[in-house]
*Asks:* 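Sending over a structure as structure tokens; questions will come in a sec.
A, B, ... follow the sequence lines: proteins, then strands. Residue 1 opens every chain. Note that these values count all heavy atoms, side chains included, but never hydrogens, waters or copies made by symmetry.
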Amino acid sequence: MGARRYEPKEIEAYWQKYWDEISLFKMDPDSLRPKFYCLMMFPYPSGTLHVGHGRNYTLGDVLARYKMMRGFNVLTPMGFDAFGLPAENAAIKGGMHPKTSTYANIVTFKRQLGRYGIGYDWGREVISCAPEYYKWTQWIFIRLFEKGLAVRKKAPVNWCTGCQTVLANEQVVDDKCERCDSKVIQKELEQWFWRITEYAEPLLKDLETLDRWPDKVRTMQRNWIGKSEGAQIDFGVDGDDAKIRVFTTRPDTLFGVTFMLLAPEYPGLEKLIADRAEATAVRRFADQVKNQIGTERASEGAIKEGVFTGRHAIHPMTGEKIPIWVANYVLMEYGTGAVMGVPAHDVRDFAFATKYKLPIRVVIAKPGETPSAHPTEAFTEDGVQVNSREFDGVPNRESYGKIVAALEKKGVGKPTIHYRLRDWLISRQRYWGAPIPMIRCEKDGIVPVPDKDLPVLLPDSVEFKPTGESPLARLDSFVNTTCPKCGGPARRETDTMDTFVDSSWYFLRYLSPKDPTKPFDSRIVNKWMPVDQYIGGVEHAILHLLYSRFVTKVLADLKLVSFREPFAALFTQGMITKGGEKMSKSRGNTVSPDETIDQWGADALRLYTLFLGPPEKDAEWDDRAISGPFRFLVKAWDLVHDTVDKIVKEDPKGLATATYSKEARALRQKTHATIRDVTDDVEKSFHFNTAISKLMVLVNDARAFADASGFAEPGDRLAMRECLEALTRLLAPFAPHLAEECFKTLGHAQSVFRDRWPEADATLVKADEQEIVVQVNGKTRTTVTVPAGLDPDALVARANAAAAEWLAGKTIVKTIVVPGRLVNFVVK
RNA sequence: GCCAGAGUGGCGGAAUUGGCAGACGCGCGGGUUUCAAAAACCCGUGGGCGAAAGCUCGUGGGGGUUCGAUUCCCCCCUCUGGCACCA
């Protein structure tokens, strides 16, 4: 029986304190070792952690500890995305001031992370709501303003009726607020935007360089940016000097245009209809459509409706008169708000034309076929031009460019690219965020706060009930100021910034968290960035990751950093579910790490979290199943403590020259195969679940060996010692407390994390014997155990003998030999 | 609708380049121990047939390629995620 029982409570606090004392997680700025920047998405400090949150930090901690053992100078910082609505909403409901509750929650989070045995370089902690941090968020805002990338403009914006503030496009899901699920409506407001659209092309193109990001995330970003190539074409208006510019991806269908469509919000609409008999009807229709929201209007299922404006456009190539309609399915947000209607080759236009009995003209046909004069559906495939004058007979892929060239020559069109991406609306009419550092002066207009006056402090005492206007606007002492240019009376901007601004650069601040003179030190940042491994939830696939990439590119263009992508590798972990649902306080299905640690210990919790399944996938939490990993820890502990006295005196130098029994050789083989497998699982795929299962197998095998051996032979003692030395190191990133304790038991004086990860000996990984599958007609009948590397003829002979029962009376037509694997006899 | 990803025992999940399907763990059944229970340990555990040896079916469904398919190809079904009147 074990000399000492495994008691997690007795060892975990000790080692946590010890790691702190030796500054295990402190990055060494002067080290010559290769750097490894291991970053986990910093959390919003809500009430308390649950084990679902814990998965993210556990993964990062395992990686950080592993990389330490591989000889890297590891940077693993942590901080808090501390501005945000939940704290403010709680305060409104009568809770504490957001600042008080946020800092209290941070204390809780840090304590919980500590109990997990998760270590960080806490000396680098950043808290986004601290003035020392948001000073630099404001500083970055001003740099963007100076570059013309932070602009105030009037636009239709998303307004969350629950949060009483505007939202970015990315924060609206199915017409609802991503955060609170309230209805989101459109409002025409003047707001601050960051012009991320200026970077649409590099944001798209550089995705190609991110080969260590999940394809899924790259695809999502690509779709979100939504590039489409086409042409802009100008149509004249009959009896008016107006021009209608359309964007189309199908200039090859130009000769099939039989009507024009305008969005109800089209700016030139009123001028076009003012003197027309149809004006009243058009206005009524447009107003009605404008009042529809989101999916009601803009979804494929929605009914296509429109009205004739009484006006005609002039076809740029044929001079034909084309009726102009207003239609609900034309969106002002995309393209120019005007579309050319080609019913023969666009399903939407076809539906519209059918409904309003508009002409349908086929201009692309399948080669060799005469198109129907009355098509029953839109033909959207490739073909050759017909009814297209000089382009007839040309395949549409070729005519595409030729038609654009012809338009260009006439000065009425040119190739164009459109993106779906919208500018990033960063204003928020709420309190708990970084104030936008701008001043409005009647004389000088919008003026940035001078750098020397930063930060613009967020005042503590404010009545912050949401009214649709920023709470700061009601605080005269905040609003009233003087113009930095003319010294006259001026008013401060009272909106605060979207919290995604705070999180779009925090990974840079970790590198000089206390620097009072600048947001980050370019020299240090250029050395440490990009992040070597970023770990976080897939819910940030677009929002945070796109914004961070954008800000990085802007900083690169400002010559403040020398890299254009912040995260070289990204890992997105899956959710942990309970009862098939996401863990959340409101569902009441959260599992507390504190209680789990009280019952099973931090190492068991970590191990079970990792053992649930591959970390990129969602996983279902089963309270009972943690007993498996716990029992494994007990077995590993007992194995070390039961055998240490018997093996400890052996000199490891004898390892290479000793003689080994068959069993001892098998143990050595298992040890080295496990080193190889666990290393591969960690290194290649983060598949810690299989790594742990292999360690379980090793412990089971080693236990059987220990029970059978009296350790009288030096070979047995050496093989066992080798196994335990490897086991404790391999286990260390996963179960660090237990590993440290066992490492000490084995006689080591320093931390296992200051030791080296074991190396597999390739010659020992190979087993002495192999079990070969013997098949007859592809069906497994038996197996034979043969010496490794037996020549094929001898192998077939052995297999033949073993399968005699199934081969009797048959003729062997063919024999398939896969060395080291199987022999298959094909018989008749 | 379009684009990804997935579908394997009662459950979570394993399976190099196609080569013993179900590793490892939970649960379950039986046993040891105990006055008893818990814990621990040992044995068993995909379905069907069989006393057993063994046979047979089996990785969402249907076809195909192959000596051999969870793996490759075609068609279909279901689920998850993303996009969705994007011109």
Side-chain angles (χ1 to χ4, degrees), chain A residues 1 173-174 214-224 226-228 230-231 233 246-251 253 261 263 295 297-304 327-331 333-342 345-349 351-352 418-421 538-539 541-542 574 577 607-608 611-614 616-632 634-635 638 677 680 687 689-700 771-783 805 812-818 820-827:
Chain A
M1 272 293 103
V173 180
D174 291 334
D215 286 339
K216 182 183 166 171
V217 174
R218 291 197 292 170
T219 304
M220 283 168 72
Q221 293 217 353
R222 204 172 290 124
N223 290 341
W224 190 261
K227 179 180 184 174
S228 49
I233 303 173
V246 301
F247 172 71
T248 179
T249 53
R250 294 294 307 274
T253 65
L261 297 170
T295 42
R297 170 174 165 196
S299 70
E300 267 175 283
I303 303 159
K304 290 162 185 50
N328 64 344
Y329 69 95
V330 179
L331 309 173
E333 306 92 84
Y334 188 81
T336 59
V339 177
M340 60 185 213
V342 186
H345 304 292
D346 180 286
V347 286
R348 294 156 303 171
D349 296 344
F352 191 77
H418 264 279
Y419 299 92
R420 206 189 73 108
L421 184 69
V538 74
E539 65 273 18
I542 296 174
T577 59
L607 216 57
Y608 179 53
F611 190 63
L612 278 174
E616 70 276 13
K617 291 214 246 165
D618 289 352
E620 172 71 13
W621 185 272
D622 177 353
D623 285 321
R624 294 172 305 186
I626 191 174
S627 59
F630 177 78
R631 279 199 274 259
F632 160 68
V634 173
K635 283 187 207 170
D638 287 349
D677 291 349
D680 283 355
H687 283 191
N689 55 328
T690 52
I692 291 166
S693 93
K694 280 156 196 160
L695 290 170
M696 288 173 167
V697 173
L698 180 64
V699 167
N700 289 342
E771 201 182 26
I772 305 294
V773 173
V774 182
Q775 296 184 333
V776 177
N777 285 344
K779 281 191 179 148
T780 302
R781 291 304 177 184
T782 185
T783 60
E805 187 186 334
I812 297 173
V813 210
K814 197 174 170 187
T815 304
I816 289 137
V817 181
V818 182
R821 279 263 173 213
L822 65 62
V823 177
N824 183 16
F825 297 106
V826 185
V827 300

*Asks:* Do the non-hydrogen side-chain atoms of A/I692 and A/Y608 ever get within less than 4.5 Å of each other?
*Replies:*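 SC-SC contact between A/I692 and A/Y608 ruled out.
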*Asks:* Name the nucleic acid region contacted by A/R218, choosing base, sugar-phosphate or nothing; use a 4.0 angstrom heavy-atom cut-off, strictly under.
*Replies:*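 Result for A/R218 = nothing.
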*Asks:* Where does B/rG5 land, syn or anti, given syn is within 90° of 0?
*Replies:*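 What B/rG5 shows is an anti base, its glycosidic angle lying more than 90° from 0.
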*Asks:* Can you work out whether A/D346 or A/V818 has the more 5'-proximal nearest nucleotide on RNA chain B?
*Replies:*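 The answer here is A/V818.
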*Asks:* Nearest nucleotide by nearest heavy atom, which residue falls closer to the 5' end of RNA chain B, A/E771 or A/P614?
*Replies:*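 That would be A/P614.
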*Asks:* Give RNA chain B the dot-bracket treatment, 5' to 3': Watson-Crick (N1-N3 with N6-O4 or O6-N4) or G-U (N1-O2, O6-N3) under 3.5 Å, [ ] crossing, | other strand.
*Replies:* (((((((..(((......[....)))((((((.......))))))((((....))))..(((((..]....))))))))))))....
*Asks:* Is any NZ, NE, NH1 or NH2 atom of the basic residue among A/R218 and A/D215 found under 4.0 Å from an Asp or Glu carboxylate oxygen of the other?
*Replies:*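 Yes.
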*Asks:* Classify A/V826 by what it touches in the nucleic acid, base, sugar-phosphate, or nothing, heavy-atom distance under 4.0 Å.
*Replies:*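 Sugar-phosphate: the residue A/V826, judged by heavy atoms under 4.0 Å, touches backbone atoms but no base.
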*Asks:* Hey, could you give me the CZ/CD distance between A/R781 and A/E805, rounded to the nearest 0.5 Å?
*Replies:*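 One gets 9.0 Å once the value is rounded to the nearest 0.5 Å.
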*Asks:* Hey, are the side chains of A/F825 and A/I816 touching, using non-hydrogen atoms and a 4.5 Å cut-off?
*Replies:*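 A/F825 does not reach A/I816 side chain to side chain.
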*Asks:* For B/rA37 versus B/rG44, give the span between their C1' atoms, rounded off to a whole number of Å.
*Replies:*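 Straight-line distance between the two C1' atoms is 24 Å.
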*Asks:* Contact class for A/N689 (heavy atom, under 4.0 Å): base, sugar-phosphate, or nothing?
*Replies:*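 Answer is sugar-phosphate: A/N689 comes under 4.0 Å of backbone atoms only.
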*Asks:* Decide whether a cation-pi geometry holds between A/K227 and A/Y419; the criteria are a distance under 6.0 Å from NZ or CZ to the six-membered ring centre and an angle within 45° of the ring axis.
*Replies:*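 No.
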*Asks:* For a quick check of understanding: with a heavy-atom distance under 4.0 Å over all strands, which category does A/W621 fall into, base, sugar-phosphate or nothing?
*Replies:*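 No contact at all - A/W621 keeps every heavy atom at 4.0 Å or more from the nucleic acid.
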*Asks:* Using a heavy-atom cut-off of 4.0 Å across all strands, would you classify A/V773 as base, sugar-phosphate, or nothing?
*Replies:*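 A/V773: base contact, heavy atoms under 4.0 Å.
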*Asks:* Whether the side chain of A/K814 and the base of B/rC67 hold a donor-acceptor pair under 3.5 Å is what I'd like checked.
*Replies:*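 Answer no: no donor N or O sits under 3.5 Å from an acceptor.
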*Asks:* Report yes or no: is there a donor-acceptor pair, N or O only, under 3.5 Å between the side chain of A/R821 and the base of B/rU17?
*Replies:*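 Counting by modelled atom types and ignoring angles, no donor-acceptor contact under 3.5 Å is found here.
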*Asks:* Could you tell me whether the side chain of A/V538 reaches within less than 4.5 Å of the side chain of A/K216, counting heavy atoms only?
*Replies:*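 A side-chain contact under 4.5 Å exists here.
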*Asks:* Would you say the side-chain atoms of A/T577 pair up with the backbone N or O of A/A619, donor to acceptor, closer than 3.5 Å?
*Replies:*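 It does hold such a pair.
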*Asks:* Given the C1' atoms of B/rG10 and B/rU32, what is the spacing between them in whole Å?
*Replies:*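 It comes out at 26 Å once rounded to the nearest Å.
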*Asks:* Between B/rA40, B/rU16, B/rG82, spot the one nearest the side chain of A/M220, thanks.
*Replies:*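 Looking only at heavy atoms from C-beta outward on A/M220, the closest nucleotide is B/rG82.
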*Asks:* Is a donor on one side and an acceptor on the other found under 3.5 Å between the side chain of A/N824 and the backbone of A/G778?
*Replies:*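 Such a contact is found between A/N824 side chain and A/G778 backbone.
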*Asks:* Under 4.0 angstrom, heavy atoms only, what part of the nucleic acid is A/S627 near: base, sugar-phosphate, or nothing?
*Replies:*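 Result for A/S627 = sugar-phosphate.
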*Asks:* Between atom CG in A/N223 and atom P in B/rC86, what is the gap in whole Å?
*Replies:*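 Nearest whole value for this atom pair: 14 Å.
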*Asks:* Between B/rG9 and B/rG48, how many Å separate the two C1' atoms, rounded to a whole number?
*Replies:*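 Those two atoms are separated by 15 Å.
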*Asks:* Side-chain contact test, heavy atoms from C-beta onward, threshold under 4.5 Å: evaluate it for A/L695 versus A/V699 and give yes or no.
*Replies:*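 No - every pair of side-chain heavy atoms lies 4.5 Å or more apart.
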*Asks:* Which letters describe nucleotides 4-12 of chain B, given B = protein heavy atom under 4.0 Å from base, S = only from sugar-phosphate, - = neither?
*Replies:* --------B
